[in-house]
There are 2 protein chains.
Amino acid sequence: MDTYGQFCPVALAAEVLTRRWTPLVIRELLCGSTRFNDLRRGVPRMSPSLLSTRLDELEVAGIVTRRVPEGSDHPEYRLTRAGEELRPIVEAMGVWGRRWTSGDLTDDELDPDLLMWDVRRRLDASKAPRGRTVVRFHFPDQPEARQSYWLVVEGHGEVDLCWHDPGHPVDLVVEAELATMTGIWVGDYRFDEVLERREVKLRGPSELRRSFPRWLGLSLFAAVARPA
Amino acid sequence: MDTYGQFCPVALAAEVLTRRWTPLVIRELLCGSTRFNDLRRGVPRMSPSLLSTRLDELEVAGIVTRRVPEGSDHPEYRLTRAGEELRPIVEAMGVWGRRWTSGDLTDDELDPDLLMWDVRRRLDASKAPRGRTVVRFHFPDQPEARQSYWLVVEGHGEVDLCWHDPGHPVDLVVEAELATMTGIWVGDYRFDEVLERREVKLRGPSELRRSFPRWLGLSLFAAVARPA
DNA sequence: CAGTATCCGATGCGATACTG
DNA sequence: CAGTATCGCATCGGATACTG
């Protein structure tokens, strides 16, 4: 039984929205991911079978469409109008979560893959230097396989995330503990303050070091005011 | 495991909000219910033990406080500021539910107790006649125990709902099938149109029959525009 | 009125492996 | 890349009864 048996529209919406992982899948779709494996990267702890199930459910609920574009054999998941109208709910959840959940990130919540996937998405390439810029993120406190990530920012707006050295010369190195970088990302710390305390280090041309914080981007909810 | 292991605030909020029944309990609290048994009336299909569990969880999450007022021995549940700030989320859920879930009420969703409990809450006593007005709702298609409800509207704003004849003379009788009355309530039908089709019947002084639809009130989401 | 206690069954979901 | 298949446990929550 996954119904509430109530005519109240809040209950009807809740029947869709309160299933495990569903709000996060919708968040990913709202952020623009359309491919199965891209969605997976946004919810890495969700098993692929469950993601598949949820996408089916969302399709039945009229929130998502699945289609294979002509000339491709890779399905795309997109929000319908009904799905797009879930945005205010998910955003309000984010605002509330930022304001009212404990500010301390637990170790369990730290995940460099997820962080970098988010960074890639929010990075404002239009504010980055023209031409190609390669940024290497380095998390010295992480196991080797999770220490280095490369962002390849192309001047025309494309941003690629690499888990292995793509070979291009690195223009800027960003080094910080994962908790520090994540804290900056979610808005717990201000970049300039952390930089001053040397808890994050930038290595590269001074012009690039200066401009970087302006095109890095932060979590959508980083700027939400928290209660005193 | 009831955590998502993500730093994203949407996930943090979802950990609280996506447990079964929780959004509806919060809806009840937002609507002003404070007593355990009043909350139960708003979520009649939820077992008391589960309601108790949810209230505990919400207290731990900082969303609800439980206290016994001085000079009383009846506990009251109230939303904290954090809880009150869930209102935009719950309201957005209601708006979405109204716009995008199927407009057909299933039999399963019809519940005269719940409907009348809602009606009682939303009735605008300030627009009702001065003095006491007694309205009897009658649902001829329901089993005997669920056919009649009495609303005792006191001019100063109090509204009482009775499951048995309170004895006062009845000023107005409202008769309709439950599905019809519920459809009016949620905004599927307009009162005047249904009245004209004689699918709802009012018996009482003409002045009262005329004014009644104005102080009856409707679901909070009845006026939400639905997509074409 | 305001809850607890107990029981038990369904199933949700995680983990892992596998496929075209 | 884009999913399925399978398995099995844990737990969620429904039902009912009971208490101070």
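So you know, we letter chains A, B, ... as the sequences are listed, proteins then strands, and number each from 1.
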Under the side chain to side chain donor-acceptor pair (under 3.5 Å) test, residues paired with A/Ser148 that sit two or more places apart
A/Arg136
Pairing stems for DNA chain C [at least three consecutive pairs; Watson-Crick or G-U; under 3.5 angstrom]:
C:1-20 with D:1-20
B/Arg121 and B/Asp38: CA distance, side-chain angles, deciding distance, salt bridge (Lys or Arg N to Asp or Glu O under 4.0 Å) verdict
CA-CA 11 Å; B/Arg121 182 157 56 194; B/Asp38 284 350; over 6 Å; no
For salt bridge (Lys or Arg N to Asp or Glu O under 4.0 Å), just list the numbers for A/Arg81 and A/Glu84, CA-CA rounded to whole Å, side-chain angles, deciding distance to a tenth of an Å, and then say yes or no.
CA-CA 5 Å; A/Arg81 174 118 181 266; A/Glu84 180 55 42; over 6 Å; no
Per the salt bridge (charged side-chain N to carboxylate O under 4.0 Å, His left out) rule, what does the pair list look like for residues 168-185 of chain A, sequence neighbours excluded?
A/Glu175-A/Arg203
note: B/Asp73, atom CG; D/dG20, atom C1'; distance rounded to Å ~ 11 Å
Rounded distance in Å - CG (A/Asn37) to P (C/dT19)
18 Å
Residues touching DNA chain C, which here means a heavy atom under 4.0 Å, drawn from residues 48-65 of chain B
B/Pro48, B/Ser49, B/Ser52
Is B/His74 close enough to C/dC1 that one of its side-chain N or O atoms is under 4.0 Å from OP1 or OP2 there?
no
If you compare every side-chain N and O of B/Arg40 against the phosphate oxygens of C/dC1 (OP1, OP2), does one of them come in below 4.0 Å?
no
Give the ring-plane orientation class for B/Phe212 versus B/Trp215, where under 30° counts as parallel, over 60° as perpendicular and anything between as tilted.
perpendicular
C/dA2, OP1 or OP2 - any side-chain N/O from B/Arg35 closer than 4.0 Å?
yes
Please report, rounded to the nearest Å, how far the C1' atom of C/dG12 is from the CZ atom of B/Arg19.
13 Å
B/Arg99 NZ/CZ over B/Trp96 ring centroid, <6.0 Å and within 45° of normal
no
Can you see if the side chain of B/Trp21 gets near the phosphate of D/dG14 - specifically, an N or O under 4.0 Å from OP1 or OP2?
yes
Roughly how many Å is it from CZ in A/Arg20 to P in C/dG12, rounded to a whole number?
14 Å
Counting only side-chain N and O atoms of B/Tyr4, is one of them less than 4.0 Å from OP1 or OP2 of C/dC13?
no
Calculate the interatomic distance between A/Met46 atom CE and C/dT16 atom P; express it in whole Å.
17 Å
Starting from P on D/dG3, measure out to CD on A/Glu76 and report it in whole angstrom.
11 Å
Between the side chains of B/Thr34 and B/Arg78, does any donor sit under 3.5 Å from an acceptor?
no
Contact under 4.0 Å: B/Arg66 side-chain N or O vs C/dG3 OP1/OP2:
yes
Hey, can you pull the donor-acceptor pairs under 3.5 Å for the side chains in residues 67-74 of chain B, sequence neighbours left out?
| unit_1 | atom_1 | unit_2 | atom_2 | d |
| --- | --- | --- | --- | --- |
| B/Ser72 | OG | B/His74 | N | 2.9 |

Enumerate donor-acceptor pairs with a distance under 3.5 Å from any side-chain N or O in residues 153-166 of chain A to protein atoms, sequence neighbours excluded.
| unit_1 | atom_1 | unit_2 | atom_2 | d |
| --- | --- | --- | --- | --- |
| A/Glu154 | OE2 | A/Arg132 | NE | 3.4 |
| A/Trp163 | NE1 | A/Asp113 | OD1 | 3.2 |
| A/Asp165 | OD1 | A/Gly167 | N | 2.7 |

